K.L.:
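The following block contains the structure, expressed as C-alpha cells.
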2 protein chains.
Amino acid sequence: MSVTIRDVAKRAGVSIATVSRVLNQSKPVSESLRKKIMKAVEETGYRPNAVARSLIHKRTGLVGVIIPEIYNPYFSGLVQGIESIAQQSGYSVMLAVSGKSVEQELEMLQIFQTRQMEGVILASSRWSREHRRWFTQAPMPCVIIGRPAGSLSSVCTAIIDNRKAAYEAVRYLIQLGHRRIGMIRGPKWDRASGEERYAGYRDALREADIPPRRQWVAVREEFQVIDGYQGMKQIAAAKEKPTAVFCACDRIAVGAMQYLEEQGVSVPGDLSIVGFDDEELARIVTPSLTTVRHQPFEMGVQAATMLTEQMLNQQKMGKEAVLPHQLVVRNSTAPPSE
Amino acid sequence: MSVTIRDVAKRAGVSIATVSRVLNQSKPVSESLRKKIMKAVEETGYRPNAVARSLIHKRTGLVGVIIPEIYNPYFSGLVQGIESIAQQSGYSVMLAVSGKSVEQELEMLQIFQTRQMEGVILASSRWSREHRRWFTQAPMPCVIIGRPAGSLSSVCTAIIDNRKAAYEAVRYLIQLGHRRIGMIRGPKWDRASGEERYAGYRDALREADIPPRRQWVAVREEFQVIDGYQGMKQIAAAKEKPTAVFCACDRIAVGAMQYLEEQGVSVPGDLSIVGFDDEELARIVTPSLTTVRHQPFEMGVQAATMLTEQMLNQQKMGKEAVLPHQLVVRNSTAPPSE
DNA sequence: CTGTTAGCGCATTCAA
DNA sequence: TTGAATGCGCTAACAG
C-alpha cells in the first residue's frame, strides 16, 4: 500500500541507501542522482516512515501528557503551555485524559512506556502507591504538575505554593476585619485544593487566634459551579453565619455567589467571597471576584522546559519549580458590615 | 539500556518466539515454560516495544488531532469528546495546536503522515488549497470539524448549521420587534463565525425587508472578550444606534456587554445582545446571555466515531454529521424600548 | 560517491 | 510445542 524507500530507490534506479542519504543529507550524493531521487520522491509522494526511524534511533520524539480533564481552563492552559514548548523543541504531544481515575492513569502510564515516550508530564489530582512506584522505575524523564514529588528525587515538579497562597487570601479577609470565615474546599484526595489550600486557611485562622468552626467548612468532590452552590447552601444552614467564605476555586466561588444572590444575601455587603485561580470568569462575574491569580500556561511552559532539558541531557533530575501567585482584589470582598 | 524480548528469552532459557507467544497468547505454550517466562518478565520489568510492533503490524493505534487553540471551551470540549471515544476504542490521541497558522497546520499534517497516524481530525478555522490537496491525497481516514468539506468526497465532516442558527437568532430579535440590528462578526477567514453566521444574519434581515447597515457590523479578528468590547465601541460610534446586536460568539457578547455597562447603556433595556456557543460564561454573566447552544463535546464524539468506523472498515468515506443547535433565551434580550 | 549488509524489537512464518 | 529464520522500513557501518 504505502510507498516505501524501496519504491523510490527502484524508480530512481539507485539503492535505498542513496535515497536515505539525500533525504537525511547525511552523506554527499552526486547532483545528478540527487535530482533523480527527488523527482522520484515527488512523483511517488513518498514520506519517510517515522516509526521505522524511531526503531533505529531509539528516539520517538514523543512526549506523553496526562490530565484529569481538559474542560477546565486550568488544565487546558497547562496543555497549551506544554504543547507550545514541545512543538518548538520538535516534540509531539500525546494527550491522555484520565477522568480522575487512578486506574486509568496507571494504564496510561503503562501505555506511555510501551509507546516509548521520551518524557512524561502528569497533572493529576489523585495519587497512589502505584503512581509512586511507576515514577521511580520509569526509564524516561518525568515532570509532575501541581503536587510535590515527595521523596521522588528523580522527578521534576512544577507547583505553586497553594498553602501560602490560601494563607494570604484568608489573611487578607482577616485584615479587612473578618473573624467568621468559612471555606468551601475540594476533596481530600486533591492535594492542592483539598489539603494545601485548606491548610493555608487554617494557618491564617490560627495566626489570628480564630478557632476553626466545622459548620463553616464544606467539602466538595468536584470543582463545578454547582459545587459552590451546594457548598454555600450547606454553610448557610449553620445557625451562626460567617461573614466571609474562601473558596477552593473560582467556579466554586461563582456557584456560592449564585446561591447567595438567590437568597438575597448581598456580596460583599453581607458576605465576602474569595476565589482561587483567576480564570476569565472571575473578571466577568458580578461582583467581580477577589481571587488568587496564577498562570497555568506558564506552569505548562515550565514543566515542558524542565522536561526537554532532561531529554536533551539524557538524564533524569529532581528540580522543583515554584511558580508565583498573587492575590487580586476585586469587588467581592469588603469589611464585614457589623 | 531498555530490556527487550531477547533479555527475557535469555533469562527464561527459551527462544524469543516463545516469549512472544505467551505475551500475545498467539499460540499454545506449555505451562512450565509459560511460568518461567512470566517470571522473567516480572523480574526484568519487561514492556513490549509498541514501536516495533507498529512496524510489523502497520498499525500504530494513533489518531492525530489538530486544533487552532485549546484555551477555548469550544475546542477543549471537542478534544475531550474525541479523546473519550478514541480511548474507548483503544486509540491514543496526538494533539497538535496550530495557533491558527495555515503553515503550521500543514506541517502538522505532514508530521501526522510520517508518524503513521491511522486517522486525522482537523478542527481548523483557516483553509487553503494545500489543505485541500493534503486531504485528497491522505492515505488515512480524516474528519473535518466545523467546516463543510466542499467537494472532498472522501472526508467526513461534523458541523452545525451555523447559517441557520444565526438566522434563527436574528429572526428572534426581529420577532421581538427589533429593526435596527447590528452584528459583531468574526474574521472572513473563519468560515463558521465570519461567513456562515454573518450570512444567517443577512438572511434574517432580508426576510424581514430590513436593509443592512454597514456601520452596524463590526469585524473582529479574534474571539476574545476584548474583541467584543472593541466591536461594540465601533458600532456605538455610529450616528444612529442599533437596538440589538448579534455576536459571533459568547465572549464577544460578554465584551460588548462590558462596554455597554461602562457607557451606562442598559442591557436589555436599551439594547439587546445575543451570543453564540452557550459556554458556561453565558449563564454566569449579568444579565445572563441569550445565545445559541450547541455541543462541542458531542461534536468531538461524533467526529471520533465516524473516524473509528472508517479505521475499522479500512476505507475512507464522506459522511457528513450535522449536529443540533438551539436558541436559548435568557435575560440579555427584550423588545426594543421605543 | 555508491551499493551491499546488518540490525533496531518484535511477530510470524517454516521446520523440527 | 518449540526454535531458527525472515522481514516490517529505515539508517549506518562497511566495502568498493
Side-chain angles (χ1 to χ4, degrees), chain A residues 1-38 40-41 44-62 110-118 139-140, chain B residues 1-38 40-41 44-62 110-118 139-140:
Chain A
M1 9 254 138
S2 198
V3 32
T4 75
I5 197 173
R6 230 178 275 286
D7 303 318
V8 177
K10 205 169 294 171
R11 192 177 188 100
V14 298
S15 75
I16 60 169
T18 310
V19 176
S20 173
R21 289 197 262 262
V22 322
L23 260 47
N24 300 307
Q25 309 185 24
S26 51
K27 296 246 169 163
V29 171
S30 73
E31 188 54 24
S32 63
L33 282 193
R34 216 187 63 79
K35 271 191 180 160
K36 257 197 265 187
I37 290 170
M38 289 314 276
V41 167
T44 55
Y46 168 72
R47 304 271 162 219
N49 183 329
V51 173
R53 273 184 150 138
S54 298
L55 192 56
I56 297 173
H57 292 137
K58 298 174 192 304
R59 286 210 48 228
T60 54
L62 253 36
Q110 301 291 4
I111 292 178
F112 281 178
Q113 196 168 345
T114 66
R115 281 194 187 278
Q116 313 295 120
M117 300 291 110
E118 286 182 45
M140 75 289 273
Chain B
M1 9 261 135
S2 198
V3 31
T4 76
I5 197 173
R6 229 178 276 286
D7 304 318
V8 177
K10 205 168 293 172
R11 192 177 189 100
V14 299
S15 75
I16 60 168
T18 310
V19 177
S20 172
R21 288 197 261 264
V22 322
L23 259 47
N24 300 305
Q25 309 183 23
S26 53
K27 295 246 169 163
V29 171
S30 71
E31 189 55 23
S32 64
L33 281 194
R34 216 187 63 78
K35 270 190 180 159
K36 256 197 266 188
I37 290 169
M38 289 313 276
V41 167
T44 55
Y46 168 70
R47 304 271 162 219
N49 182 330
V51 174
R53 271 180 142 129
S54 298
L55 192 56
I56 296 173
H57 291 135
K58 298 176 193 303
R59 287 211 47 229
T60 54
L62 253 34
Q110 301 291 4
I111 293 178
F112 281 179
Q113 196 169 345
T114 66
R115 280 193 187 280
Q116 313 295 119
M117 300 292 109
E118 287 182 44
M140 75 289 272

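Atoms considered below: every heavy atom in the structure, side chains included; atoms not considered: hydrogens, waters and symmetry mates. Bear in mind the structure is a predicted one, so any value in this text is a computation, not a measurement.
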K.L.:
From the list D:dG3, D:dC10, C:dT2, which nucleotide is the closest neighbour of the side chain of A:Arg53?
P.N.:
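The closest nucleotide is D:dC10.
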K.L.:
More than 12 heavy atoms of other residues, nucleotides or ligands under 6.0 Å from CD of B:Glu31: is that the case?
P.N.:
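For B:Glu31, atom CD is crowded (more than 12 foreign heavy atoms under 6.0 Å).
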K.L.:
Does A:Ser20 put a side-chain nitrogen or oxygen below 4.0 Å from OP1 or OP2 of D:dT11?
P.N.:
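Checking A:Ser20 against D:dT11: at least one side-chain N or O falls below 4.0 Å of OP1 or OP2.
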K.L.:
Could you please name the option among C:dT2, C:dC10, D:dC10 that lies closest to any side-chain atom of A:Ser30?
P.N.:
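Closest nucleotide to the A:Ser30 side chain: C:dT2.
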K.L.:
Round to the nearest Å and state the distance from A:Arg6 atom CZ to D:dG7 atom P.
P.N.:
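Interatomic distance, CZ of A:Arg6 to P of D:dG7: 9 Å.
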K.L.:
If I take atom CD1 in residue B:Ile37 and atom C1' in nucleotide D:dG3, what distance separates them, rounded to the nearest angstrom?
P.N.:
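In whole Å, D:dG3 C1' and B:Ile37 CD1 are 12 Å from each other.
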K.L.:
Just wondering, do B:Met38 and B:Lys35 contact through their side chains at under 4.5 Å, heavy atoms?
P.N.:
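Not touching, per the 4.5 Å side-chain cut-off.
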K.L.:
Rounded to whole Å, please give me the gap between NZ in B:Lys58 and P in C:dT12.
P.N.:
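Distance, rounded to whole Å: 13 Å.
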K.L.:
Ignoring backbone atoms, establish whether B:Ser15 has a side-chain N or O less than 4.0 Å from OP1 or OP2 of D:dA4.
P.N.:
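No, B:Ser15 has no side-chain N/O under 4.0 Å of OP1/OP2 on D:dA4.
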K.L.:
Roughly how many Å is it from CG in A:Asn49 to C1' in D:dC8, rounded to a whole number?
P.N.:
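Taking atom C1' of D:dC8 as the reference, CG of A:Asn49 is at 9 Å.
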K.L.:
Hey, does A:Val14 reach any base, or is it just sugar-phosphate, or nothing, if we go heavy atoms under 4.0 Å?
P.N.:
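The answer is sugar-phosphate, as A:Val14 gets under 4.0 Å only of primed atoms, P, OP1 or OP2.
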K.L.:
With the side chain counted from C-beta on, respond yes when A:Pro48 and A:Arg53 share a heavy-atom pair under 4.5 Å apart, and no when they do not.
P.N.:
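Yes, their side chains come closer than 4.5 Å.
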K.L.:
What's the closest nucleotide to the side chain of A:Val29 if the choices are C:dG9, C:dT2, D:dT11?
P.N.:
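Comparing C:dG9, C:dT2, D:dT11 against the side chain of A:Val29, the answer is C:dT2.
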K.L.:
With a 4.0 Å cut-off on heavy atoms, is B:Val19 in touch with a base, just the backbone sugar-phosphate, or nothing at all?
P.N.:
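No contact at all - B:Val19 keeps every heavy atom at 4.0 Å or more from the nucleic acid.
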K.L.:
Heavy-atom distance under 4.5 Å between the side chains of A:Thr60 and B:Val51, does that happen here?
P.N.:
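Result yes, sub-4.5 Å side-chain heavy-atom pair found.
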K.L.:
Once you round it to whole Å, what is the distance between P of C:dC14 and CZ of B:Arg21?
P.N.:
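So the two atoms are 13 Å apart, to the nearest Å.
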K.L.:
Using modelled atom types only, decide if a donor and an acceptor are shared between the side chain of B:Glu118 and the backbone of B:Gly61 within a distance under 3.5 Å.
P.N.:
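Here the side-chain-to-backbone pair exists.
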K.L.:
A:Asn24 side chain: which of C:dC10, D:dT11, C:dT2 is closest?
P.N.:
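Comparing C:dC10, D:dT11, C:dT2 against the side chain of A:Asn24, the answer is D:dT11.
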K.L.:
Nearest whole Å is fine: how far is D:dG3 C1' from B:Leu33 CG?
P.N.:
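After rounding, the reported distance stands at 11 Å.
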K.L.:
Need to verify one output field. Residue with the more 5' nearest nucleotide on DNA chain D, A:Ser26 or A:Val51?
P.N.:
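Closest to the 5' end, via its nearest nucleotide, is A:Val51.
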K.L.:
Identify which nucleotide among D:dA12, D:dT2, C:dC10 has an atom closest to any side-chain atom of A:His57, counting heavy atoms from C-beta outward.
P.N.:
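Comparing D:dA12, D:dT2, C:dC10 against the side chain of A:His57, the answer is D:dA12.
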K.L.:
Rounded off to whole Å, could you give me the CG-to-C1' distance for the B:Leu23 and C:dC10 pair?
P.N.:
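Value for this atom pair: 11 Å.
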K.L.:
Given D:dA4, D:dC10, C:dA11, identify the nucleotide with an atom nearest to the side chain of B:Ile16.
P.N.:
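Selected nucleotide: C:dA11.
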K.L.:
For DNA chain C, whose closest nucleotide is more 5', that of B:Leu55 or that of B:Ala17?
P.N.:
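Here B:Leu55 is the residue nearer the 5' end.
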K.L.:
Starting at CD1 of B:Ile5 and ending at P of D:dA4, how long is that distance when rounded to a whole Å?
P.N.:
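My rounded result for the distance is 14 Å.
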